[in-house]
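To start, the structure itself, in structure tokens.
In this text, all values refer to a predicted model and were calculated from it rather than measured experimentally.
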Amino acid sequence: MNTPVVTRFAPSPTGFLHIGGARTALFNWLFARANGGKFLLRIEDTDRARSTPEATEAIFNGLKWLGLDWDDEAVSQAARMDRHAEVAHQMLENGSAYKCFATQEEIAAFRDAAKAAGTSTVYRSPWRDATDLPDAPYVVRLKAPREGEIVVEDAVQGRVAWKSETLDDLILLRSDGTPTYMLAVVVDDHDMGVTHVIRGDDHLTNAARQVLILDAMGWPRPVYAHIPLIHGEDGAKFSKRHGAPGVEDYRDMGYPAEAMRNYLARLSWSHGDDEFFTTAQAIEWFGLDAISKGAARFDFKKLDNLSGQHIRAMDDADLTQLLTDYMALQQMPVPGPEIRESLTQAMPALKERAKKLPDLIEMGHYLLTSRPLEMDAKAASQIDDVSRGMLERLTERLRNVTWTHTDLEATIKAFAGEEELKLGKVMQPMRSALTGRSTSPSIFDVLVHLGREESLARIDDVLAAG
RNA sequence: GCGCCCUUCGUCUAGUGGUCUAGGACGUCGCCCUUUCACGGCGAAAACACGGGUUCGAGUCCCGUAGGGCGUACCA
């Protein structure tokens, strides 16, 4: 039996949950669930100036919406500062770290000079092996190896190596005694028992330095998996410019979370030719070995298509629930039980032509409004004296027909034949009268959904207005 | 500047030395279905960044070049 898998997602609470972060969280979650392990959440709030409780809340909400439930309590990194400092002092004692008394000004001056001279900007502290220490503020630095290479075996990137001389002695504790990110991550991951570190490949270089801390403490290394970043549709880094950098934007646009998980999972990960799959399937199939190394671009067209497929695959009652939840979230009037019931009944017709939740609202508009209907401009253009006359003659027939899809269809088609009208000439004015829109599900469906009384009343309204 | 990573159709990707005249999906175009829109069906155009090797044989391995990304903080 192997050690149980423990993964984690460790965002900084400095804003919303970024789409890239969401994908990282998803991969961690998928991997944990696929292996019967734990998925932990740690808020990296040590940058007090930039961290806010609102942002933490936004991250929680984003993850919840996506359905990425985490195990145990979320850990606050800031709350663990003492523990981080403790480890730094252990390292001081075991000789893998040292006190450096160089001031920030000195170091900055060194770097400026090195840059100007075109030489290495890696700072070499003169205090590394000093024995005569002054009584002054100091920083704790890692005593990193200066020869050989540092090798990280990455589950995605493969073997990655750095020459030791290209890395400096990173700072563990600042001169005010607070821990740096580099130290905190390593200590927290170790203490939390994290076995697999799955994160963006912007951290790949950090792995080299973090591994050194691990080695210094004699702690085992986790499996690293540095996954590629997500780019915007133009290939540049995903940002506000691309319209929707946060997961809540996607929620607001009306993409079902299931579709979002499906789409996000397909960015830099694949399972053969499978494009459309459920979350359960993703869990079953997910593995680190199928993650590719190249960055992926975000493509709304494909997301839309996938989203439409998920909507069509969903259970009608569930979909109605999802839709009304969405309407509530968007501060729209929420339909009552009766309308909800008719929405569910009509759902097979509505969802045929929807990609996102708002499409369902637009398609089901005729069920959500009540008489007298307000027509939009396109719908109104279908109504004139000629079409009114036609509608009037048709209505006479409709009063006596059995109110079923087949009979309605037969009657209306026969009527169109007798009047020598193309079917569209009959249907579009009817659509205007019944739905107030120029697009809707099939008119026969609409008629059935609305029922005889309501349908005829809506048409009569239009006739009366003439 | 230095370090590291990446590079198959417009986009997401399959591909782990021969079965690749490179497969799928989205998108695009055409046809069909059709009361609009959509869905669905059929079909088409569309890619191994470039240059050297290694090998009987390279999309697959190696080295360069170009392009892109990330990092290079007493930020995370």
Side-chain angles (χ1 to χ4, degrees), chain A residues 10-14 44-47 49-51 77 100 102-104 107-108 111 114-115 117-123 137-141 152 154 156-158 160-163 165-168 170-176 178-182 184-185 200-208 226 228-229 231 233 235-237 263 266-276 290 292-306 308-309 312 351-355 359 362-363 378 382 412-413 416 422-431 437-444:
Chain A
S12 319
T14 52
E44 310 223 312
D45 48 0
T46 50
D47 187 343
R50 289 195 299 159
S51 300
Q77 187 161 66
C100 171
T103 64
Q104 293 188 57
I107 298 167
R111 269 200 270 266
K115 228 170 221 174
T119 56
S120 170
T121 55
V122 174
Y123 180 68
Y138 61 88
V139 110
V140 176
R141 283 183 188 272
V152 172
D154 191 280
V156 172
Q157 307 291 339
V160 187
W162 294 262
K163 287 192 176 63
E165 67 241 38
T166 62
L167 264 33
D168 63 3
L170 66 281
I171 293 175
L172 269 11
L173 242 38
R174 302 186 184 95
S175 47
D176 64 0
T178 59
T180 59
Y181 161 80
M182 216 59 80
V185 180
D201 68 11
D202 49 337
H203 286 283
L204 186 54
T205 322
N206 291 339
H226 287 94
L229 272 13
H231 290 166
E233 290 184 299
K237 191 175 174 180
Y263 180 69
R266 282 289 290 106
L267 259 24
S268 295
W269 176 77
S270 62
H271 181 263
D273 285 337
D274 294 304
E275 300 285 351
F276 172 74
S292 59
K293 299 179 178 184
R297 295 189 190 198
F298 197 94
D299 182 8
F300 277 96
K301 293 272 184 50
K302 187 145 184 179
L303 205 211
D304 282 351
N305 176 275
L306 232 29
Q309 290 191 58
R312 266 171 268 133
K351 71 184 183 183
E352 269 321 300
R353 43 212 90 199
K355 288 180 161 38
D359 299 341
E362 181 57 26
M363 274 301 146
K378 274 188 178 175
Q382 293 292 328
I412 291 170
K413 282 188 172 164
K422 288 183 69 176
L423 212 43
K425 285 288 178 193
V426 179
M427 305 295 245
Q428 284 303 347
M430 282 189 83
R431 172 167 281 120
R437 295 290 148 97
S438 55
T439 51
S440 78
S442 154
I443 281 304
F444 309 121

### Task
Could you state the atom-to-atom distance from CG of A:N206 to P of B:A73 in whole Å?
11 Å
### Task
Using whole Å, report how far CG of A:L170 lies from P of B:U72.
11 Å
### Task
Describe the nucleic acid contact of A:S175 in one word from base, sugar-phosphate, nothing, applying a heavy-atom distance below 4.0 Å.
base
### Task
Return yes if some donor-acceptor pair links the side-chain N/O of A:D299 with the main-chain N/O of A:E233 below 3.5 Å, else return no.
no
### Message
Suppose we define a pair by two distances each less than 3.5 Å, Watson-Crick or G-U wobble; what does B:U16 pair with here?
### Response
none
### Message
How many whole angstroms separate atom CG of A:L267 from atom P of B:C26?
### Response
16 Å
#### Entry: Position toward the 5' end of RNA chain B (nearest nucleotide), A:L229 or A:H203
A:L229
### Full working for side-chain contact (heavy atoms from CB on, under 4.5 Å) between A:D47 and A:Y181
CA-CA 9 Å; A:D47 187 343; A:Y181 161 80; over 6 Å; no
### Query
Which atom names give the shortest non-hydrogen contact between A:R141 and A:I107, and what distance separates them?
NH2-CD1, 3.3 Å
### Query
Is there a Watson-Crick or G-U wobble partner for B:G43 with both distances under 3.5 Å, and which nucleotide is it?
B:C29
### Query
CZ/A:R437 to CD/A:Q382 distance, rounded to the nearest 0.5 angstrom?
14.5 Å
#### Entry: Shortest non-hydrogen separation from A:D359 to A:R353 and the atoms involved
CB-O, 4.5 Å
For nucleotides 4-9 of chain B, which of its nitrogen or oxygen atoms have a protein nitrogen or oxygen under 3.5 Å away, and what is each distance?
unit_1	atom_1	unit_2	atom_2	d
B:C5	O3'	A:Q157	OE1	3.2
B:C5	O2'	A:Q157	OE1	3.2
B:C6	OP1	A:K293	NZ	2.7

### Summary
A:L306 CG to B:U13 P, in whole Å, measures 13 Å
### Task
State whether the distance check finds a donor on one side and an acceptor on the other, under 3.5 Å, for side chain A:D273 versus base B:G23.
yes
### Message
For the P atoms, the ones on B:G69 and on B:C31, what distance do you get once it is rounded to whole angstrom?
### Response
41 Å
### Query
Any N or O donor-acceptor pair linking the side chain of A:T166 to the base of B:C2 at under 3.5 Å?
no
### Query
How far does the C1' atom of B:C33 sit from the matching atom of B:G43, given to the nearest Å?
15 Å
### Partner nucleotide, any strand, of B:G59 [Watson-Crick/G-U, under 3.5 Å]
none
### Message
If only side-chain N and O atoms count, and only distance matters, is there a donor-acceptor pair under 3.5 Å linking A:S440 with A:R431?
### Response
yes
### Message
Could you tell me how far B:C5 sits from B:A47 if I compare only their C1' atoms? Round to whole Å.
### Response
23 Å
### Message
Say we look at B:C26 and B:U21: how far apart would their P atoms be, to the nearest angstrom?
### Response
26 Å
### Task
Please measure how far the P atom in B:C9 lies from the corresponding atom in B:G51, and state the result in whole Å.
16 Å
### Query
Heavy-atom distance under 4.5 Å between the side chains of A:W162 and A:L204, does that happen here?
yes
Listed pairs, N/O of protein and of nucleotides 34-41 of chain B, under 3.5 Å:
unit_1	atom_1	unit_2	atom_2	d
B:U35	O2	A:R431	NH1	3.1
B:U35	O2	A:R431	NH2	3.3
B:U35	O4	A:S442	OG	3.0
B:U36	O4'	A:Q428	NE2	3.1
B:U36	O2	A:S438	O	3.4
B:U36	O4	A:R353	NH1	3.1
B:U36	O4	A:S440	O	3.3
B:C37	N3	A:R353	NH1	2.8
B:A38	O2'	A:E352	O	3.3
B:C39	OP1	A:K355	NZ	3.2
B:C39	O4'	A:E352	O	3.4
B:C39	O3'	A:R312	NH1	3.4
B:C39	O2'	A:E352	OE1	3.1

### Query
Tell me: CZ of A:F276 to P of B:C12, nearest whole Å?
22 Å
Give each protein N/O atom lying under 3.5 Å from an N/O atom of nucleotides 62-64 of chain B, with the pair distance.
none

### Query
A:D168 CG to B:C2 C1': how many Å, rounded?
13 Å
#### Entry: Atom pair distance, as rounded to whole Å: CZ in A:F300 and P in B:C12
14 Å
### Message
Using whole Å, what does the distance between atom C1' of nucleotide B:C12 and atom NZ of A:K301 come to?
### Response
14 Å
### Query
Now, which nucleotide makes the Watson-Crick or G-U wobble pair with B:C37, with each of the two distances under 3.5 Å?
none
### Task
Both distances under 3.5 Å, Watson-Crick or G-U wobble: report the partner of B:G64, or none.
B:C50
